[in-house]
Every structure is written in structure tokens, then in C-alpha cells.
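Counting from 1, the numbers follow the sequence of the chain as shown.
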Amino acid sequence: MLSNLVVAAGGQYSTLIILVVFLALMYFLMLRPQQKQQKKHRDMMSQLKKGDHVITIGRLHGVIDEINQTDKTVTLDCDGIYLVFDLRAIAQVTSQGPQAVTAPAAKPAAAAPAKPADQPADTQQPTATKTDDQADDAPKSDDDANDSAKK
């Protein structure tokens, strides 16, 4: 009789353990990735600024013209048409707005091609190179020779 009690108690614990394992799997496979995605979206929304190219949840592409944090709205410029959306309507940012543009660094003089000393720069003739369109008229194989002879 005592052995029956021990077996019954062990069966209840195994059910409880299975339930806990199932809930843990559900958390790690469903809830945690969703929370990470929501956090990433919140971070993206906090970094929005004028000039960013965005896509709305309705798949409308536009450029942010104005952000109103008090009303939680954003004004998009869609090819000259200004539309006002909730901030929650922004699905993704496709490209960031204009950043500080830096001038490209000047190339050093050593990287410039050298000019021949015997010819002035104005009279220098470009060298001719063959392209595929200017290939020789001579046949490349015996089959080509037979084909041209038949014509």
C-alpha cells in the first residue's frame, strides 16, 4: 500500500515537471523573440529624424518631414504630398537621413599615371586596343573556315 502512494506521488510530480518544461519552452521559443523584436522597433522609433526614408505598415514609402512627439504623429513627404500618420504606422526605416558629408580625401600625386617625357601632354595619342567587335577576320577554327567557304 505504501508503494502505491509513492508511485502516485511520483506521477503527480512528473506532470508538474512536464508542465514547467512546456512553459519554459514556450517562453524561449515564442515570447522572448517577440520581446526582442518589440525592443528593436522601439529603439528604431526613438532614433527617427527628419530626412529618414521610411516605409509605413501600409507599404507607403516616404521621407519624414516632421515628427510631433506630443501627438505621436509623423508627417511624410511622398513625392510632394504630405501625409500625417501615427508614429506606430512606421514599419521600418530604409535609409537614414543626410549625415555630415565629408569631402573625399585628395589622392597623392604618386597615384597619378606617369606621362612619357618625350611627348607633350597635348599631343599624346591613346593606344589602340582590340575589342571583341574588332576581332580579326581570320577564322578561328576549321569549322569557321568551312562555314566562310560555303558562303
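Using a 4.5 Å cut-off on side-chain heavy atoms (C-beta onward), T73 and D86 make contact. Side-chain contact between Q92 and V54 is absent, with no heavy-atom pair separated by less than 4.5 Å. When side chains are defined from C-beta on, R42 counts as touching K39, because their heavy atoms get closer than 4.5 Å. Inter-residue side-chain proximity for L60 and L83 is flagged as met; some heavy-atom pair is nearer than 4.5 Å. L87 is listed as a side-chain neighbour of I67, based on a closest heavy-atom distance under 4.5 Å. The shortest distance between side-chain heavy atoms of V84 and V74 does not fall below 4.5 Å.
In this structure, T75 contributes its side chain and D65 its backbone to no donor-acceptor pair below 3.5 Å.
The NE2 atom of H53 lies 9.5 Å from the CG atom of D77; values are rounded to the nearest 0.5 Å. Note: L48 CG to K50 NZ = 14.5 Å, rounded to the nearest 0.5 Å.
Here the closest heavy-atom approach between residue M45 and residue R88 is recorded as CE-N, 4.4 Å. C78 approaches H61 most closely through the heavy-atom pair SG-O, 3.5 Å.
The hydrophobic clustering, which links ILVMFWY residues whose side-chain heavy atoms are closer than 4.5 Å, places L31 and F28 together. Cluster membership for I81 and I90, using ILVMFWY side-chain heavy atoms within less than 4.5 angstrom, is shared. F22 and Y13 are assigned to two separate hydrophobic clusters, defined by single-linkage of ILVMFWY side chains at heavy-atom distances under 4.5 Å.
Salt bridge absent: D43 and K40 never bring a charged side-chain N and a carboxylate O closer than 4.0 Å.
Listed by chain and number, the hydrophobic cluster partners of V63 come to none, as no ILVMFWY side chain reaches under 4.5 Å of it.
Within a 6.0 Å sphere centred on CG of D71, heavy atoms belonging to other residues, nucleotides or ligands number more than 12. Crowding of Q37 atom CD: a count of heavy atoms from other residues, nucleotides or ligands under 6.0 Å not exceeding 12.
Of the candidates I55, D52, T56, L76 forms a side-chain contact (heavy atoms from CB on, under 4.5 Å) with just one, namely T56.
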